[in-house]
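This report concerns only the one structure given below.
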Amino acid sequence: MAEIKCIGVLTSGGDAPGMNAAIRAVTRSAIYNGFTVKGIMRGYKGLVHNEIVEFKSQSVSNIIQMGGTILKTARCKEFATPEGRKMAYDNMMAAGIDALVVIGGDGSLTGAKIFAAEYDIPIVGLPGTIDNDLGGTDSTIGYDTALNTIMGAVDKLRDTASSHERLFFVEVMGHTAGYLSLNSAIATGSEAAIVPEMDTEVDQLAELINNGFRKSKNSAIVIVAENPKTGGAAGLAERVKKEFPDYDARVTILGHIQRGGSPTAIDRILASRMGAAAIEALSDGQRNVMIGIMNGRIVYVPFAKAIKHDKGIDKSRFELVKMLSI
Ligand code: F6P
């Protein structure tokens, strides 16, 4: 196995709060352990187009508290082609980079898996996504901050919902996963959570709303995970409005606000631990793994398992939402 001297770091896919804390941790623990570091701009795009910069300890000063990513990010179509990856590899070699730390979600780790297999490059991934949709880890970097952002927004909506006696459908992100929806519903005391992992019939929802609206409450909030197949919150609201034309139903789509902002302490600590663990993993000869966290402990997750994302959704939490909103 060739000796690693220089480590390249990049962020790819959707930005997530805590990515900067991860970049900082990767850079500083690499330097501490005797490696040199290069920052790759705009994810894989920067590898393909040779946007590579020297990184020193000062390059990551004063960023732990910042949302977004100082390395910028992109979703790169060229890297999905063998020609694009060849350009990336040639640039990487010319820059003297021996190993990569890739911070991103499932698309980014899929790219890492293919690249590592094709060119036999040591790559370690960090789970950077608000969606929490990666296998082998209890949490991803950015997920806790996004949950808190949703919570703050829904708390505000609750004031209007209750003052105007309205029914609100609040759409949250999550890609194809319902973690943000389900857990923000618990955190905000919402009446229901709709997730892509489970079919929700209008009848079921009607029952929930009836319970809330007719029995003890005069307002209700339903958190709906984005879902192009069903039309998300707007699609659901349309269907429900047909059944209950008397309700004053409104739709709020939280959108990219969920990706922004200063990371929570939980995300900063997670990113710091995972960043340092990525360098330790590379030093120990680990390859093609994502750093995960399980029951508070750092674990190495093969890319294939991380991408497969088979951790499922905890069905008992739906019961919790229902029970606590009677
Ligand atoms: O993966 C993060 C995420 O915010 C998803 O929740 C969402 O589906 C997607 O990215 C949106 O991507 P874009 O910013 O490219 O529209």
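All ligand and atom numbering here is 1-based and tracks the order in the structure.
Counted within 6.0 Å of CD1 on I313, heavy atoms from surrounding residues, nucleotides or ligands total more than 12; the atom is thus considered enclosed. Heavy-atom contacts from other residues, nucleotides or ligands closer than 6.0 Å to OH of Y32 number 12 or fewer.
When each atom of ligand 1 is checked for a heavy atom of H175 under 4.0 Å away, the hits are 5 (C), 6 (O), 8 (O). Interface of G174 with ligand 1, defined as ligand atoms under 4.0 Å from a residue heavy atom, comprises 6 (O). Using a 4.0 Å cut-off to heavy atoms of R75, the atoms of ligand 1 that qualify are 9 (C), 10 (O), 11 (C), 12 (O), 13 (P), 14 (O), 15 (O). Applying the 4.0 Å criterion to heavy atoms of M173 picks out, from ligand 1, the atoms 4 (O), 6 (O).
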Checklist entry - Could you go step by step and tell me if E83 and K77 meet the salt bridge (charged side-chain N to carboxylate O under 4.0 Å, His left out) rule? => result CA-CA 11 Å; E83 297 75 29; K77 290 209 175 94; over 6 Å; no
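Of the charged side-chain nitrogens involved, at least one lies within less than 4.0 Å of a carboxylate oxygen, so that R166 and D248 count as a salt-bridged pair. The existence of a salt bridge linking E171 and R250 is excluded, since no basic side-chain nitrogen approaches an acidic carboxylate oxygen closer than 4.0 Å.
Using a 4.0 angstrom heavy-atom cutoff, G105 does not count as in contact with ligand 1. Residue contacts with ligand 1 include H256, since one or more of its heavy atoms lies under 4.0 Å from the ligand.
For atom 7 (C) of ligand 1, the closest non-hydrogen atom on the protein side is E226 OE2, 3.3 Å. Nearest non-hydrogen protein atom to atom 10 (O) of ligand 1 is R259 NH1, 3.1 Å. Nearest non-hydrogen protein atom to atom 1 (O) of ligand 1 is D131 OD2, 2.6 Å.
Checked by distance only, ligand 1 and I130 stay at 3.5 Å or farther apart across all their nitrogen or oxygen atoms.
Taking the centre and axis of the six-membered ring of Y179, the NZ or CZ atom of K311 falls inside the cone set by 45° and 6.0 Å.
In this structure, F115 and Y89 have perpendicular ring planes: the angle between them is above 60°, well past the 30° mark.
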